[in-house]
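For reference, the structure is listed below as structure tokens.
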2 protein chains.
Amino acid sequence: MQALFENISQINTMRYSPDHKVGARARLIEATGALVKKNGFAATGVDGLMAAAGLTSGAFYSHFRSKSELLEAIIENELKRSIELFSDKTREQAVAAIKGYLSPAHVAHPESGCAVPSLAPEIARASESTQYIFEQGVLELKDQIRKLVRDDAKAWSIVVQLVGAVMVARGLPSEQTRKALLKGVAQQVKQILEEGSGPS
Amino acid sequence: MQALFENISQINTMRYSPDHKVGARARLIEATGALVKKNGFAATGVDGLMAAAGLTSGAFYSHFRSKSELLEAIIENELKRSIELFSDKTREQAVAAIKGYLSPAHVAHPESGCAVPSLAPEIARASESTQYIFEQGVLELKDQIRKLVRDDAKAWSIVVQLVGAVMVARGLPSEQTRKALLKGVAQQVKQILEEGSGPS
DNA sequence: GTCTATAGTAAGATAGAC
DNA sequence: GTCTATCTTACTATAGAC
């Protein structure tokens with residue numbers, strides 16, 4: 001299973017020449033990623049996806065064999081960015097990233113936020129290879145949080161609180177309720193972080 | 001805002017004569033609810049929805065003015081059932097319900113499970129009236145959990161851990177990872193429950 | 001690589017027979 | 001209320017010109 005991951009990564013990496021920093025495909029993945037996080041994958045047509053990148057739908061299939069292949073690429077790209085939010089950071093920076101994740105701004109702007117609260121149910125219905133990529137990303141995210149709490153259970157708890165809080169808050173029309181939820185969850189997450197901050 | 005809720009509830013209640021316990025509309029909401037939780041709302045057509053109830057698509061609009069009105073009815077119905085899982089229960093029963101929520105069986109069977117981990121992102125993109133119904137349901141769910149922990153922040157934390165854990169676990173192809181996540185979250189939720197179990 | 005055009009299918013919704 | 005048939009639009013995907 002781990003070997004499969006490595007193969008997928010290799011294929012994706014070697015599809016482009018090393019000196020092309022950001023190709024057309026990468027730009028497509030960026031532009032469509034924002035749209036898909038905002039409006040959902042199933043609800044967005046290929047026409048709309050390509051329009052977001054300033055192109056027409058005919059060009060889509062020069063870059064992806066199918067729409068579902070795009071979802072896979074989006075998940076890979078988006079998860080990488082979410083992971084970077086928590087990696088190679090001081091403890092203070094990581095705690096600030098958690099605070100930002102649980103902010104009203106993140107709730108209000110799915111297009112520039114983490115893909116998990118926007119797309120997780122659609123990932124659960126996607127191909128197995130898409131789910132493998134998702135799993136690798138989630139495990140890496142958990143491991144980054146684990147560095148802060150040095151405990152797997154606590155790390156998992158924080159990960160699901162972050163994504164659960166943002167996902168639920170986005171369905172709440174009342175700002176008051178949204179803020180109460182975010183504040184409550186932030187308080188509990190902070191407590192877990194403090195429990196785990198004994199001597200290194 | 002509260003008045004709006006009452007009006008919506010009244011309309012829905014008074015649409016049918018009081019002696020009809022379960023009408024055709026209610027059966028439709030049940031049957032389509034399971035399908036929508038499994039496959040997603042946007043991804044499921046009216047044809048498929050009605051086929052799940054043994055009918056054809058033409059009959060759909062005798063019961064709902066639009067597809068989005070159905071989503072609203074499904075959310076209302078499904079949230080009611082999720083709330084009942086935690087209401088009018090002894091402490092032991094409620095704790096057992098939490099354990100069941102975080103079970104592999106719940107992760108494996110979205111069609112018979114809670115609607116929130118299946119549909120929350122689609123609710124976030126739905127009409128404001130659908131979101132009001134969602135908010136009322138989520139608040140009631142939180143208040144049921146609050147009875148166990150007597151603290152709003154802790155109740156919110158548990159709610160988002162439950163829905164976040166199931167939602168993320170459903171995207172993980174490895175049973176090992178799924179179980180580790182569920183076990184870790186269950187452990188942390190249990191700890192919150194024990195913190196809040198002082199003298200009444 | 002990107003375009004226009006189009007094939008083929010499925011979508012949401014309506015009309016009228018029964 | 002439910003059916004079949006249909007309208008209109010949108011969908012995923014492909015073909016061929018540039």
Side-chain angles (χ1 to χ4, degrees), chain A residues 12 14-17 19-33 35-75 119 121-123 125-127 129-130, chain B residues 12 14-17 19-33 35-75 119 121-123 125-127 129-130:
Chain A
N12 281 339
M14 297 176 75
R15 198 171 286 155
Y16 316 100
S17 60
D19 40 312
H20 274 191
K21 284 173 192 172
V22 180
R25 185 182 150 110
R27 277 192 300 272
L28 266 177
I29 293 168
E30 275 295 317
T32 57
L35 191 65
V36 163
K37 284 188 290 180
K38 192 183 173 204
N39 297 335
F41 181 70
T44 310
V46 174
D47 256 357
L49 289 167
M50 294 303 279
L55 299 176
T56 57
S57 68
F60 179 83
Y61 296 91
S62 301
H63 299 280
F64 305 97
R65 273 172 302 179
S66 67
K67 200 191 167 193
S68 64
E69 189 182 291
L70 171 65
L71 178 61
E72 199 163 305
I74 288 173
I75 299 303
L119 303 177
E122 298 199 274
I123 295 166
R125 297 167 196 130
S127 70
S129 67
T130 301
Chain B
N12 280 339
M14 299 176 75
R15 198 170 285 156
Y16 316 101
S17 59
D19 41 313
H20 274 191
K21 283 175 193 169
V22 179
R25 184 182 152 110
R27 278 192 297 271
L28 266 178
I29 294 168
E30 275 294 318
T32 58
L35 191 65
V36 163
K37 285 188 290 180
K38 191 183 173 204
N39 297 336
F41 180 69
T44 311
V46 174
D47 256 357
L49 289 168
M50 295 303 280
L55 300 176
T56 57
S57 67
F60 179 83
Y61 296 92
S62 301
H63 298 280
F64 306 97
R65 273 172 301 182
S66 67
K67 199 192 168 194
S68 63
E69 191 182 290
L70 170 66
L71 178 60
E72 200 163 303
I74 288 174
I75 300 304
L119 302 177
E122 298 199 273
I123 295 166
R125 298 168 195 128
S127 70
S129 67
T130 301

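A quick note: this is a predicted structure, and the numbers were derived from the prediction, not measured. Throughout, a chain's letter reflects where its sequence line sits, starting with A, and its residues are numbered from 1.
Applying the side chain to side chain contact (heavy atoms under 4.5 Å, CB included) rule to A/A31 yields the partners A/A53; only residues at least two apart in sequence or on another chain are considered. Partners of A/T56 under the side chain to side chain contact (heavy atoms under 4.5 Å, CB included) rule, at least two apart in sequence or in another chain, do not exist in this structure. A search for side chain to side chain donor-acceptor pair (under 3.5 Å) contacts involving B/S127 returns B/S129, B/T130, not counting sequence neighbours. By the side chain to side chain donor-acceptor pair (under 3.5 Å) test, A/S62 is found to be paired with no residue, residues two or more places apart in sequence or in another chain being considered.
Atom CZ in A/F64 sits roughly 18 Å away from atom C1' in D/dT14 (whole-Å rounding). As a whole-Å value, the separation of A/H63 NE2 from D/dA13 P is 15 Å.
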Acceptor/donor pairs from residues 35-48 of chain B side chains to any protein atom, 3.5 angstrom cut, sequence neighbours excluded:
from, atom 1, to, atom 2, distance (Å)
B/K37, NZ, B/E78, OE1, 2.8
B/K37, NZ, B/E111, O, 3.3
B/K37, NZ, B/G113, O, 2.6
B/T44, OG1, B/G40, O, 2.6
B/D47, OD1, B/S57, OG, 3.2

- Message: One character per nucleotide, please: for nucleotides 7-18 of chain C, 5' to 3', B when the base has a protein heavy atom closer than 4.0 Å, S when only the sugar-phosphate does, - otherwise.
- Response: -----SBB----
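In this model, the phosphate group of C/dT2 is not approached by any side-chain N or O of A/T56 to a distance below 4.0 Å at OP1 or OP2.
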